[in-house]
Every structure is written in structure tokens, then in C-alpha cells.
Amino acid sequence: MAVITGLAAAPAVHASPSATGALRWAPCDDPEKPGAECAILSVPVDWAHPDGPRLDLAVARRKATDPNARVGSMVFGPGGPGDSGVEMVVDRISRFSPEVRRRFDIVSFDPRGVGGSNPVTCSGDLLAERPSPELRSQADFDATLEYNRRLRADCRARTGPVFDHLDTAQTVRDLDALRAALGERKLTFHGSSYGTLLGAQYAETYPRRVRAMVLESVMDHSVPTTRDFLKAEAATAEDSFHEFVKWCDGAADCALHGRDVRAVWQGLLARAGRGELEDPAKPGTSLSSSDLVNKMAFRKFYAADYAGLATAIAGMDASRPLPASPTSVAPLPPATPVFCSDWHLPVRDYQEYASLVAMMNMTAPDLPYLLPIHMAAACLGAPTANPQHRLDSHGAPPILVSNALHDPATGYPWAVSVARQLGRSGVLLTYEGHGHGSVTSGPCMEGAVDGYLTDLAVPPRGTSCPAVPPSFRQGPGPARG
């Protein structure tokens, strides 16, 4: 039976903790990426019982390139949930600006349940049996609840005690232990996407232990209901599709220029639904409508790669239809339990589920069965240890909240909301462009963020930075978390 873990590709870590709990650094096990050091940090599985079983967290760092100008350590909070912070430091250090790399030791870690930190481990065969989120009846709804129950039991048995302690409130305590182990009196932090949940809740828990904090592409953990969450996610994704169509209408180098982009796209969705659309990455196999939306379009929106998306759509539109065949739903990553631990998204029954799907399809008619409805289905019946609530970070210093106006995953209204919840501490920095991630999107954004992190120079409230031309490029956009 196949077994799948939370992030098997994370770089190996061989260093061990000292008896005093300080970090013992050693070169990471990747000779092709020299300069990164790895260590292990031992923390309680359950911070409510600090003398109970322990968990080893994988940690990595790259030292400041200019030791004479070093400010201290900056900890990066990875996204996902399920992204490896160790992998970011070892393989993707260019994600951070040259000035930040010059002035700070860049440190990150694999959050509990991910990569080298006791990864969530589940039966691959059982994951492959995941029901489609396209539920058609109460029987389908009940079958999904039962499947979720079986999967949680399997993952819990394979993963061990940490499976029931994966929520961000626990990771906040891990982050503070890392701050102390690094010898930092106060934390300098950069969280991206799901990592903003960690940063915001750290500021709420330890407001006077924050030196500087950047929250980039911001999750709003105060969204109260399942409907509110799904509608916000659908609206921001559809906004990116609308921006893509608008760009293509006006750009002569768009591969679909002069055509009805939405009609071409709907044709591909129909072919995918019949199992007739070939997967460009796997010739001879079909691409499901869900993967067309979530793996093809959504990934391109993340990097604001509208030219690349147009080229891919044009190529698929010109391809020969495959013989009609059933399509399967790709399994969600085992890190999904982290999301379920943080988000209480109850759905009473099939009737309410169908209503939520209809609402999402009305809000995002070009992007049916977006990933958030998959996540909601995967969390049906799951307990939530760290449910949504409004932030209370009284006493925290200025916190920089950075977001693109057209972010496909964490909409700009969420950033506005989080900045307001932070009160006097919240400083909103707006990138007037597109994509998921913004802090290195041009000299205006990079300068504002670098100045804040290095010298605590807070940008004036209401600061906006223009989109960097060309706004939409062929190939990957700025490095993102």
C-alpha cells in the first residue's frame, strides 16, 4: 500500500539539537546549494502539556551576506498550508530581496506536520479514493463524511500524536521557541499567504515580542461563515480571470487576441468535463475540469503569467479531442488537516452544500469547483482547534500588511480587513498590480519593505506602489511564497 507524506521532497536535515535546546547548525544535505545550514528544534507535541511527548522541527538558515551590516535573524513563515520553509531557504533564497539577504540571517522551518517536521502521513491508496467535490445527492454528502472519517483515522494512526495538534495556535508557540533559540529578544518576521495567519496570531499572542512583521498576501482569519469564506475566495479568483480577459483584449501579443476568450475557455471546460481534453504535461491522458481551473489557470494567476496562460489555452484549444473517458479528482495534499484545524467551515447537509456551490459558480462563472470548495468538502466532519476570530494585538508595533489589488487567492479586501483589525499597528501597503505575492514587485514595493525591515522605517499610511511594467509576462513572475 502506497504511503504519502506531507512534503517528501523537503531537503534532508541531519543536525541535532544540543542538550541546552540551542540550535546546532550543520551544512544542509544538498551539495548543489551550498551555504544553507540546517538544525533541529525540539518542541512539545502539545504546548498545553510542555512536559509531554516532543516533536523535532526542521530549521534552515542562510547567514547575512554582509556580517558587518547584519541586523539579526528574520524568520520566514511559509505558505500553503504545507509549504516547506527549509526548502525555501535551501532552494529559493532569491525569493528575498538582496538587501534583506545582506542584512539578515534568513531563517525558516517546516511547520509541524510538513516536510522534515513529523509530516502528516496517509495511505496513498486511500487518498486516491477521494470523492469528487461535485456532490449530487445527500448520499454523496454522507459518503464524503464517512470517507473523511476513515482518512482522518488512517492519517492519525500513521502520523502519530502530532496529528491532533497541527493548528496555527500550536505553531505560534513553535515560532516563539525558534525566536528564543535564535537568541533574538524580539522577532523579525515575514509571513506569506498561509504564513500570514501565523504572523498575525503571533502578534496577537506575543505583541511585545515583535520587532518587525511583514504580512504578504494576507489571509483574513476573521471571516465568520463558510459562505463568507467561499464567496470571498470565488470573487478574488474571478477578478483575476476578468483581468486576464481584459489584458488579452488589449494586448496584440496575447495568443488569443481578437478571439472571444471566455467562449474558448468554456469550450475547454466542456471538453475537460467529458474527459476529452489532453493534459499538456501528460500526453495521452485527460485533464479534468477541476485541474484545468486549479492547476492550469490558478497557477498562472499566481505568477500573473497571463501571456503563458493564453498560450496554453490556445494550444489546448487547437489540440485534437481525446476519446471521452471518466476523469478522476487529484488527491489533496496530506497537509489539509492543518487547514481543517484552523478553519471552522461547517455544512449541514447536501442542500446547503449545493447552495454553496451554486453561489460560488454565480460569483465565479468562469472557474467552477475552485480549490476552496475542495477544501471545504475535505474538512466536513473534522474538528477545529483554532477557529476564526477577530485579531486583538494591542501593544504590537507597526505591522506591514502587503497585498496586490488583484491577488487570485488572498483578495485585497482581506488585507484591508486585517489592517483594520490590527488597529493602530496595521499599516497597509498596496501593490497596484497582479499576482500572489508582492514584496519584491518593483523598486517601490521592495524599497518600502526593505526600509521597514532593516531600519523600522514605516511607510506612510495609504502608500501604494504602481504595477511593474510589463505587468504580464511570459514565464514565471516574481518569486512567491
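Basis for what follows: all heavy atoms, side chains included, without hydrogens, waters or symmetry-related copies.
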Practice task
Give the intermediate values and the outcome of side-chain contact (heavy atoms from CB on, under 4.5 Å) for residues Met74 and His190.
Solution key: CA-CA 7 Å; Met74 185 192 79; His190 171 191; 3.9 Å; yes
Problem - Derivation and outcome, side-chain contact (heavy atoms from CB on, under 4.5 Å), residues Asp220 and Gln388 - result: CA-CA 9 Å; Asp220 182 4; Gln388 301 95 294; over 6 Å; no
Exercise for the section: Verify side-chain contact (heavy atoms from CB on, under 4.5 Å) between His389 and Gln201, making sure each step is shown before the conclusion. Expected result: CA-CA 10 Å; His389 63 277; Gln201 292 194 8; 3.8 Å; yes
Handout entry: Asp174 and Gln170: CA distance, side-chain angles, deciding distance, side chain to side chain donor-acceptor pair (under 3.5 Å) verdict
Key = CA-CA 7 Å; Asp174 297 342; Gln170 294 278 350; over 6 Å; no
Handout entry: Residues Thr410, Thr236; criterion side-chain contact (heavy atoms from CB on, under 4.5 Å); working and verdict
Key = CA-CA 7 Å; Thr410 56; Thr236 196; over 6 Å; no
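Residues Glu432 and His406 are not in side-chain contact: their nearest non-hydrogen atoms beyond the backbone lie 4.5 Å or more apart. Contact annotation: the side chain of Asp407 never approaches that of Trp414 to less than 4.5 Å [non-hydrogen atoms, C-beta and beyond]. With a 4.5 Å cut-off on side-chain heavy atoms, Leu178 and Phe109 count as touching. At least one side-chain heavy atom of His374 sits under 4.5 Å from a side-chain heavy atom of Pro133. Within the 4.5 Å cutoff, the side chain of Leu269 has heavy atoms near those of the Val293 side chain. When side chains are defined from C-beta on, Met213 counts as touching Tyr202, because their heavy atoms get closer than 4.5 Å.
Arg150 CZ: more than 12 foreign heavy atoms inside a 6.0 Å radius. Remark: Met359 CE is packed, more than 12 non-hydrogen atoms of other residues, nucleotides or ligands lying under 6.0 Å away.
Between Phe301 and Phe298, the ring planes lie perpendicular to each other; the angle is over 60°, past the 30° to 60° tilted range. Taking the six-membered ring where the residue is Trp, Tyr302 and His436 present tilted rings, their angle falling between 30° and 60°. Ring planes of Tyr306 and His434: perpendicular class, angle over 60° (limits at 30 and 60°).
Of all the heavy atoms in Arg95 and Glu216, the pair that sits closest is NH2-OE1, 2.8 Å. Contact record, Tyr194 with Val338: OH-O, 3.9 Å, taken as the closest heavy-atom pair. Heavy atoms only, all atoms of each residue included: Gly199 and Phe189 are closest at CA-CE2, 3.4 Å. Taking each heavy atom of Ser441 and Val468 in turn, the nearest pair found is O-CG2, 3.2 Å. Across all non-hydrogen atoms, the minimal contact from Glu238 to Leu367 is N-CD1, 3.9 Å. Contact record, Thr171 with Arg112: OG1-CG, 3.8 Å, taken as the closest heavy-atom pair.
When atom types are taken as modelled, the side chain of Asp110 and the backbone of Gly85 share a donor-acceptor pair closer than 3.5 angstrom.
A side-chain contact (heavy atoms from CB on, under 4.5 Å) with Ser117 is found for one member of Leu57, Val43, Val86, Val162 and no other, namely Leu57.
Using a cut-off of 4.0 Å between Lys/Arg side-chain N and Asp/Glu carboxylate O, Arg259 and Asp317 are scored as salt-bridged.
Ring centroid separation for the pair His165 and Trp47 does not come in under the 6.0 Å cut-off.
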